[in-house]
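Note that the structure is predicted; figures quoted are calculated from it, not measured. The sequence lines fix the lettering, A, B, ..., with proteins before strands; numbering per chain opens at 1. Keep in mind that the numbers below use all heavy atoms, side chains included, and drop hydrogens, waters and symmetry copies.
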Amino acid sequence: MIEQILTDKITEAVKIIYGHDAVPSLIQLQNTRKEFEGDITLVVFPFTKFSRTSPEATATEIGDYLLANLAEVENYNVIKGFLNISVHKEYWLSFLSGNYHAEKFGFRNLSDGLPIIIEYSSPNTNKPLHLGHIRNNLLGYSLSRILLAAGKNVVKVNLVNDRGIHICKSMLAWQRWGNGETPESSGLKGDHLVGKYYVIFDKQYKEEIAEIVAHGSSPEEAAKKAPLIIEAQQLLQKWEAHDEATISLWKIMNGWVYDGFAKTYQTLGIEFDKTYYESQTYLLGKELVEEGVQKGVYTRRTDGSVWIDLSAEGMDEKLLLRSDGTSVYMTQDLGTATQRYNEYNPEQLIYVVGNEQEYHFKVLKVVLKHLGCAWADSIYHLSYGMVELPEGKMKSREGTVVDADDLMQEMFDTSEAMARELGKIESFDDEEAKNLYRTIGLGALKYFILKVDPKKNMLFNPAESVDFNGNTGPFIQYTYARIKSVLRKAADVGYEVSFSTSSSAQLLPQEKELLKKIHDFPAIVAQAAELHSPAIIANYAFELASEYNRFYHDLTILKEENLSSQAFRLGLSQFTANVIANALWLLGIDVPERM
RNA sequence: GGCCUCGUAGCUCAGUGGAUAGAGCAGCAGCCUUCUAAGCUGCGGGUCAUAGGUUCGAAUCCUAUCGGGGUCACCA
């Protein structure tokens with residue numbers, strides 16, 4: 001890549017002209033702004049410290065050196081402290097001819113380095129997935145692909161929270177008010193059925209509380225002594241005691257939920273390499289805690305509970321084991337993290353979890369370090385912000401959640417209505433049309449969510465998310481489909497997509513802008529992997545598609561003016577299509593061959 | 001209250017040490033005999049929350065203040 005060539009030569013120039021070793025961070029290269037002539041700009045202000053002349057003079061000296069010693073440099077100009085370098089046309093042409101057909105352009109080959117474990121989704125089995133889970137799943141899945149493209153060996157894992165008081169609530173409500181209802185008998189998706197009983201429990205529980213409060217108790221007291229919650233707790237104890245009937249019901253109801261989740265994951269287009277169940281891992285951390293007590297880094301109180309004092313790190317005391325010996329969230333995360341470390345010896349352990357758990361992960365790392373686990377530093381919490389609705393925050397208890405299945409269906413319906421209105425599907429058969437609605441609808445949803453910086457809270461406006469114009473997934477998909485259409489047409493007419501580096505007499509500004517944008521892609525992938533941010537890819541994909549649209553409208557691609565410039569533009573189009581497809585693949589978004 | 005985080009156009013978001021801060025949506029005005037108008041072109045819209053500081057240069061880094069969100073459980 002030209003940036004590396006320039007960096008090396010600039011280092012050399014600084015050494016020779018000023019006798020100074022240039023630190024790489026001093027060499028700031030950036031794309032030249034469109035209003036100036038040139039392709040790549042070197043900011044020379046940092047050099048003036050040792051050049052001891054004006055920025056302009058420094059830039060000129062370096063520019064002269066590059067021009068004389070680097071074949072790729074065609075020309076340069078200096079504006080203030082900016083050295084604008086024009087890269088020779090030959091470089092761009094050979095870059096194009098060498099890569100335009102490369103399916104995997106921008107992706108690195110799998111390295112033999114240590115694996116990266118990425119955990120995402122992590123649902124509870126008492127209710128269906130909602131919009132918050134969608135953001136989680138999309139981020140996790142997209143990041144796994146970005147890391148893969150960056151040459152990492154990635155293992156995608158899901159940790160299903162299948163035990164605890166929440167599922168007991170659904171079980172109890174189903175036993176009491178369910179009348180043997182099943183997904184088959186009700187026609188409800190399994191996760192929705194179980195979710196329905198979770199809601200019923202909550203409603204009945206609230207009524208009981210209200211009644212107890214009416215008899216003179218405080219709300220807190222009432223919440224603790226309501227018969228329903230006591231029964232649910234008893235059910236949990238029976239579960240922990242391996243009571244056969246309880247376990248059996250638990251298996252049946254969780255089975256329904258898994259069937260439901262599998263469908264949602266499939267529709268959303270995400271998957272895992274491995275699924276862990278908390279019911280099988282929740283005891284794992286206890287031994288570690290015991291080990292910590294032995295080592296004296298954790299302390300056991302007289303009631304039997306185990307704590308760690310983190311006041312030295314500026315945090316408070318943290319519970320690691322309950323007085324009754326049962327494990328808490330932290331206990332089990334210590335266990336699963338250690339298990340994964342032992343199993344894979346990973347380079348990095350990534351957790352895609354909401355930002356409300358930032359403190360938890362901070363503590364997790366410190367607690368592991370106290371145990372002597374130096375690898376705790378390899379834990380990375382991909383903390384993402386909440387998804388808010390125009391009405392405010394989503395609250396499952398108040399019914400203001402956006403259900404994942406409903407939302408996707410709505411996207412499909414909208415894309416169908418839109419496609420029909422625009423007359424897009426006249427030549428499509430039913431199967432193809434249906435696939436198109438799904439591709440477009442999902443593309444809109446995924447792009448809408450992934451284009452926002454993960455760490456920020458985001459507003460989900462249903463009306464805007466189904467918009468298919470402007471900075472949206474469908475716009476990018478459309479650009480791809482249109483390029484494919486052009487290429488099909490060209491093949492029909494018999495145009496060749498082959499050219500040599502001397503085939504184009506000149507490189508028009510629109511062509512060059514597009515080529516430069518494509519040229520950036522590998523660096524963008526590397527950056528997204530390093531910063532763990534799919535948003536970088538999403539925003540790049542939009543810029544690339546916009547650039548192509550300008551190119552497409554400014555130039556006539558299939559017009560018999562000059563065969564070699566035809567070939568050039570077709571090659572550029574094909575290259576763009578490949579890169580768009582690759583960028584969208586990183587986001588988990590499919591591309592339609594026509595739309 | 002302590003700690004974390006965010007604040008950029010009417011709205012949703014990019015930009016996170018470099019040149020005159022950018023898109024999309026919404027509004028207005030144009031462009032379909034051509035490969036596809038889910039598109040393109042133009043216009044208007046900004047005290048980058050506020051006040052200091054660091055430097056050749058700050059939306060970006062530091063400090064304080066204001067405002068939103070999160071978190072500080074023998075919940076997960």
Applying a 4.0 Å non-hydrogen cut-off, can you work out what Asn84(A) is touching in the nucleic acid: base, sugar-phosphate, or nothing? base
Between U12(B) (C1') and Tyr447(A) (OH): distance, integer Å: 12 Å
Paired to U71(B) by Watson-Crick or G-U wobble criteria (both distances under 3.5 Å) is G2(B)
I'd like the P distance from U71(B) over to G39(B), given in whole Å. 39 Å
Student check: side-chain heavy atoms of Glu432(A) and Asn435(A) closer than 4.5 Å: no
Base, sugar-phosphate or nothing for Phe82(A)? Non-hydrogen atoms, less than 4.0 Å. base
Do any N or O atoms of the protein come closer than 3.5 Å to N or O atoms of nucleotides 37-43 of chain B, and which pairs are they?
| from | atom 1 | to | atom 2 | distance (Å) |
| --- | --- | --- | --- | --- |
| A37(B) | OP2 | Arg482(A) | NH1 | 3.2 |
| A38(B) | OP1 | Lys424(A) | NZ | 2.5 |
| A38(B) | O3' | Asn469(A) | OD1 | 3.1 |
| A38(B) | N7 | Lys424(A) | NZ | 3.4 |
| G39(B) | OP1 | Gly470(A) | N | 3.0 |
| G39(B) | OP2 | Asn469(A) | OD1 | 3.0 |
| G39(B) | O2' | Asn549(A) | OD1 | 3.4 |
| G39(B) | O2' | His553(A) | NE2 | 2.6 |
| C40(B) | O4' | His553(A) | NE2 | 3.4 |

Return the 5'-most residue of the pair Gln30(A), Tyr329(A) with respect to RNA chain B, ranking by each residue's nearest nucleotide. Gln30(A)
Please measure how far the C1' atom in U34(B) lies from the corresponding atom in C48(B), and state the result in whole Å. 44 Å
Using a heavy-atom cut-off of under 4.0 Å over every strand shown, decide if Val328(A) touches base, sugar-phosphate, or nothing. sugar-phosphate
Measure the distance from NZ on Lys169(A) to P on A76(B) and round it to the nearest whole Å. 12 Å
From CG of Asn539(A) across to C1' of A14(B) the rounded distance in Å is 5 Å
The glycosidic conformation of C32(B), counting syn as within 90° of 0 and anti otherwise, is syn
Once you round it to whole Å, what is the distance between P of C13(B) and CD1 of Ile449(A)? 12 Å
With a 4.0 Å cut-off on heavy atoms, is Glu35(A) in touch with a base, just the backbone sugar-phosphate, or nothing at all? nothing
May I ask you to evaluate whether Arg322(A) reaches the phosphate of A76(B), defined as a side-chain N or O under 4.0 Å from OP1 or OP2? yes
Scan every strand shown for a Watson-Crick or G-U wobble partner of C61(B), both distances under 3.5 Å, and answer none if you come up empty. G53(B)
With rounding to the closest Å, how many angstrom separate the C1' atoms on G18(B) and U55(B)? 12 Å
If every non-hydrogen atom of Ala433(A) is compared with every non-hydrogen atom of Ile425(A), which pair is closest and at what distance? CB-CG2, 4.4 Å
Would you mind classifying the nucleic acid contact of Pro46(A) as base, sugar-phosphate or nothing, using non-hydrogen atoms under 4.0 angstrom? base
For Phe36(A) and for Glu358(A), locate the closest nucleotide of RNA chain B by heavy-atom distance; then report the residue assigned to the nucleotide nearer the 5' terminus. Glu358(A)
Can you tell me how far P in U16(B) sits from the matching atom in U60(B), rounded to whole Å? 13 Å
Compute the centroid of each ring, for Phe551(A) and then for Tyr548(A), and state whether the two points are separated by less than 6.0 Å. yes
Pairwise P distance, G27(B) and C11(B) [rounded to whole Å]: 16 Å
Taking atom P of A23(B) as reference, at what distance in whole Å does atom CD1 of Ile476(A) sit? 16 Å
P-based separation of U50(B) from C66(B) [nearest Å]: 16 Å
Side-chain ion pair, Lys516(A) and Glu547(A), N-O less than 4.0 Å: no
Return the value, rounded to whole Å, for the distance between atom CZ of Arg488(A) and atom P of U36(B). 10 Å
Looking across every strand, which nucleic acid part, if any, lies under 4.0 Å from Gln357(A) by heavy atom: base, sugar-phosphate, or nothing? base
Hey, does Ala481(A) reach any base, or is it just sugar-phosphate, or nothing, if we go heavy atoms under 4.0 Å? base
Any pair with a residue in residues 434-459 of chain A that passes ring pair (Phe, Tyr, Trp, His ring centres under 6.0 Å), sequence neighbours left out, goes on the list, sorted by first then second residue, please. Phe448(A)-Phe460(A)
Can a side chain N or O of Lys489(A) be found less than 4.0 Å away from OP1 or OP2 on U36(B)? no
Quick check on A73(B): is either OP1 or OP2 less than 4.0 Å from any side-chain nitrogen or oxygen of Lys318(A)? no
Establish whether the base of C74(B) is bridged to the side chain of Ser323(A) by a donor-acceptor pair shorter than 3.5 Å. yes
Tyr351(A) and Phe361(A) aromatic centres sub-6.0 Å: yes
How about CZ on Arg52(A), more than 12 heavy atoms from neighbouring residues, nucleotides or ligands closer than 6.0 Å, or not? no
Between Glu356(A) (CD) and C3(B) (C1'), how many Å, whole number? 16 Å
Met458(A) has its side chain closest, among C3(B), U36(B), C13(B), to C13(B)
Side chain of Lys456(A) - closest among G7(B), A23(B), C74(B): G7(B)
So what's G27(B) paired with, Watson-Crick or G-U wobble, going by both distances under 3.5 Å? C43(B)
Would you call Lys517(A) and Glu513(A) a salt bridge, taking side-chain N to carboxylate O under 4.0 Å as the test? no
A49(B) versus C13(B) - spacing of their P atoms, nearest Å: 16 Å
Any donor-acceptor N/O pair under 3.5 Å between C74(B) base and Asp303(A) side chain: yes
Look up atom CZ in Arg594(A) and atom NZ in Lys484(A), then write down how far apart they are to the nearest 0.5 Å. 14.0 Å
Does a salt bridge link Glu313(A) with Lys365(A), judged by any charged N lying under 4.0 Å from a carboxylate O? no
Rounded distance in Å between the C1' positions of C61(B) and G45(B): 30 Å
To the nearest Å, how far apart are Asp316(A) CG and C3(B) P? 13 Å
